[in-house]
Amino acid sequence: MRAAHSIKGGAASVGLEAIKTLAHRLEDIFKAFYSDEVVANLIRHWKAHL
């Protein structure tokens, strides 16, 4: 998550909007994995498909 944050900041500072946007979305995905609800849903999904 820290790397995505650094990439986002670096890209923004030199005007690389597409990379900034991608890094921001990656940050959001990483943040979601810190959510207990998201992790629980993933575990249920994986168990259902084993």
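The shown structure was predicted, so the numbers you read here are calculated from the model rather than taken from an experiment.
- With hydrophobic clusters built from ILVMFWY side chains whose heavy atoms lie under 4.5 angstrom apart, Leu26 shares a cluster with Tyr34.
- Nearest heavy-atom pair, Ala12 versus Lys20, reported as atom, atom and distance to 0.1 Å: CB-CD, 3.4 Å.
- In the hydrophobic clustering of this structure, Ile7 groups with Leu16; members are Ile, Leu, Val, Met, Phe, Trp, Tyr whose side-chain heavy atoms approach within less than 4.5 Å, directly or through other members.
- Under the 4.5 Å side-chain heavy-atom criterion for grouping Ile, Leu, Val, Met, Phe, Trp and Tyr, Ile29 is connected to Leu42 within one hydrophobic cluster.
- Here the closest non-hydrogen pair linking Ala23 and Ala4 is CB-O, 3.6 Å.
- Residue Lys8 holds its NZ atom at 10.0 Å from OG1 of Thr21, rounded to the nearest 0.5 Å.
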